[in-house]
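Written out below as structure tokens is the structure these notes cover.
The shown structure was predicted, so the numbers you read here are calculated from the model rather than taken from an experiment. Throughout, a chain's letter reflects where its sequence line sits, starting with A, and its residues are numbered from 1.
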Amino acid sequence: MQKKSGGIFKELLENKQIFKDREYLRPSHIPENFPHRDEQVNRLARIWVAPLRGETPSNVFIYGKTGTGKTATVKYLMEELEHVAGDLSREVEVAYLNCEVVDTKYRILATLSNKIRETLVGEIDDVSDLPEKVPMTGWPTDEVYGTLLTLLDYRKQVIIVTLDEIDRLVSKGTSDVLYLLSRINSDLDNTKMGVVGISNNLNFVSDLDPRIVSSLGEEEVVFPPYDANQLEDILEERSEKGFADGVIEESVINLCAAHAARKHGDARKALDLLRNAGEIAEEEEAQKVTTDHVTRASRKIEHDRMEEAIKSLPDQSKLVLLSVLLLQERKARKIGTGDIYEVYSSLCRQHGWDVLTRRRVSGLISELDMMGVINARVVSNGRYGRTKEVELNVDPLQVRSAVQREIYIQDLDSLPLSKQKKLG
DNA sequence: CCTCCACCGGAAAGTCCGGTCG
DNA sequence: CGACCGGACTTTCCGGTGGAGG
């Protein structure tokens with residue numbers, strides 16, 4: 001078995017490579033070309049050329065569903081902007097915040113202020129008269145705001161702040177920070193700030209204070225979803241850089257694009273699918289990536305997504321799901337809400353957990369149905385009442401492994417059910 | 001045609017919890 | 001620090017219902 005030393009690596013190296021550089025196939029990669037986004041790129045560039053002239057750029061709202069290239073486009077333009085500003089020795093700073101991660105007024109102001117402090121520290125000699133770093137918690141909010149103002153005004157510059165997933169702020173009720181930012185320029189003497197809001201949700205403006213909308217939404221740029229042909233162009237471009245020459249069949253890209261187009265024109269999904277197909281092909285040392293690999297990649301992604309969803313379920317929902325599993329393993333007969341509740345409640349008692357109400361469990365069953373983990377439909381058994389008929393919609397083994405971590409799975413037969421259902 | 005089972009599912013009130021404000 | 005707030009999760013309450021059996 002053992003070959004001469006290093007043999008195993010040499011062998012792998014000599015195999016035909018599927019990938020040239022898989023970084024190009026990751027959604028996080030920021031390309032230089034944005035197929036079918038000329039209009040958006042041009043409009044944004046026209047707005048963001050302002051700081052190069054020392055002017056304040058208009059505030060912009062950018063809308064578009066996930067995977068329409070909003071974030072990548074903005075990040076790319078911001079990098080370019082910094083670049084050119086450097087060449088022209090203009091004082092232009094950019095800051096990017098994701099409101100999904102940084103989601104409170106305090107944290108936004110603190111993060112922003114620390115970022116600006118950091119760039120200053122890198123550029124000036126005497127750091128001693130800068131305000132100190134804002135801790136992640138503890139200060140009064142207006143003190144953080146004051147620090148931010150001091151740092152911003154430390155020298156003359158133009159700064160563009162990007163707030164990605166800005167709609168999260170509205171749904172978390174922290175949109176007042178937007179009001180603060182929208183009028184920050186009146187508190188500043190040297191620096192001018194422009195704000196970019198990126199939103200996945202087209203309607204989020206309607207839940208926003210009109211004052212914020214009028215000042216932050218000076219310009220609006222919409223990123224529509226890609227259709228299948230456009231996705232194909234994107235995949236084509238990426239795969240040329242990411243995959244080795246000739247390993248991709250034309251129909252493969254076609255299929256990936258079609259899959260993703262059906263699912264809301266999400267370029268991220270399309271890329272994930274293509275890359276996963278490549279990884280499967282690589283794993284089995286195939287010479288080419290085929291449509292079969294795509295199909296399997298699609299299944300794998302779906303499988304992983306489901307497993308992730310089940311794992312992140314609240315414990316109570318897991319128990320409900322587990323009850324369905326146990327019932328189904330035991331008897332393939334119709335499973336009704338009552339059956340589930342019975343098993344569920346004895347599982348709860350078994351683990352010493354609170355037992356939720358029937359009403360709640362009924363709701364949880366509906367939620368699991370929405371997720372697609374189970375199928376539930378209401379049926380009437382006439383004389384014998386009305387109930388949801390439930391069946392598992394995923395591999396039972398998958399449920400077991402996803403649920404097992406925190407729940408000790410016991411055999412249904414050894415559970416002390418309150419009453420044994422009709423026998424034979 | 002009426003009954004009545006075994007639930008469904010909307011509405012509203014209650015509980016918890018993390019975060020914010022004074 | 002305690003009062004207060006809003007959101008997520010639950011419970012309580014309850015009117016509603018398709019159809020087998022009478």
Please report the distance, rounded to the nearest Å, between [atom1] in [X] and [atom2] in [N].
| X | N | atom1 | atom2 | answer |
| --- | --- | --- | --- | --- |
| A:Ile108 | B:dT20 | CD1 | P | 11 Å |
| A:Leu356 | B:dT15 | CG | C1' | 13 Å |
| A:Arg360 | C:dC13 | CZ | P | 18 Å |
| A:Ile365 | C:dT10 | CD1 | P | 14 Å |
| A:Glu342 | B:dC7 | CD | P | 10 Å |
| A:Asp369 | B:dC8 | CG | P | 12 Å |
| A:Glu389 | B:dA6 | CD | P | 16 Å |
| A:Gln316 | C:dT11 | CD | C1' | 13 Å |

Please list, chain by chain and in numerical order, all residues satisfying side-chain contact (heavy atoms from CB on, under 4.5 Å) with [X], sequence neighbours excluded.
| X | answer |
| --- | --- |
| A:Ala270 | A:Leu231, A:Leu235, A:Ala260 |
| A:Asp304 | A:Lys300 |
| A:Ala110 | A:Tyr106, A:Val134, A:Val144 |

*Within the side chain of A:Asp369, is there an N or O that forms a donor-acceptor pair under 3.5 Å with the backbone of A:Ile365?*
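No; judged by distance alone, with no hydrogens or angles, the pair does not exist.
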_Tell me whether A:Lys192 contacts the main-chain N or O of A:Pro51 through its side chain, where contact means a donor paired with an acceptor under 3.5 Å._
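Here the side-chain-to-backbone pair does not exist.
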When you measure from the side-chain N and O atoms of [X] to the phosphate of [N], is any distance below 4.0 Å, counting only OP1 and OP2?
| X | N | value |
| --- | --- | --- |
| A:Lys388 | B:dG9 | yes |
| A:Ser366 | B:dC8 | no |
| A:Thr387 | B:dC7 | no |
| A:Ser362 | B:dG9 | no |

*asked:* Please compare A:Arg359 and A:Gly336 by the position of their nearest nucleotide in DNA chain B and report the one closer to 5'.
replied: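 This one resolves to A:Gly336.
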*Go through the structure and list residues passing ring-ring contact (aromatic ring centres under 6.0 Å, His included) with A:His36, not counting sequence neighbours.*
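Not a single residue meets the ring-ring contact (aromatic ring centres under 6.0 Å, His included) criterion with A:His36.
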Please tabulate the protein-to-nucleotide N/O contacts below 3.5 Å involving nucleotides 16-18 of chain B, giving atom names and distances.
none

_Under 4.0 Å, heavy atoms only, any strand: does A:Val355 hit a base, just the sugar-phosphate, or nothing?_
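The answer is sugar-phosphate, as A:Val355 gets under 4.0 Å only of primed atoms, P, OP1 or OP2.
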Does either side chain, that of [X] or that of [Y], offer a donor lying less than 3.5 Å from an acceptor on the other one?
| X | Y | result |
| --- | --- | --- |
| A:Gln316 | A:Tyr344 | yes |
| A:Tyr226 | A:Asp266 | no |
| A:Glu237 | A:Asn33 | yes |

_Any residue in residues 371-386 of chain A with a heavy atom nearer than 4.0 angstrom to DNA chain C? Just list them by number, or reply none._
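Heavy-atom contacts with DNA chain C come from A:Ser380, A:Gly382, A:Arg383, A:Tyr384, A:Gly385, A:Arg386.
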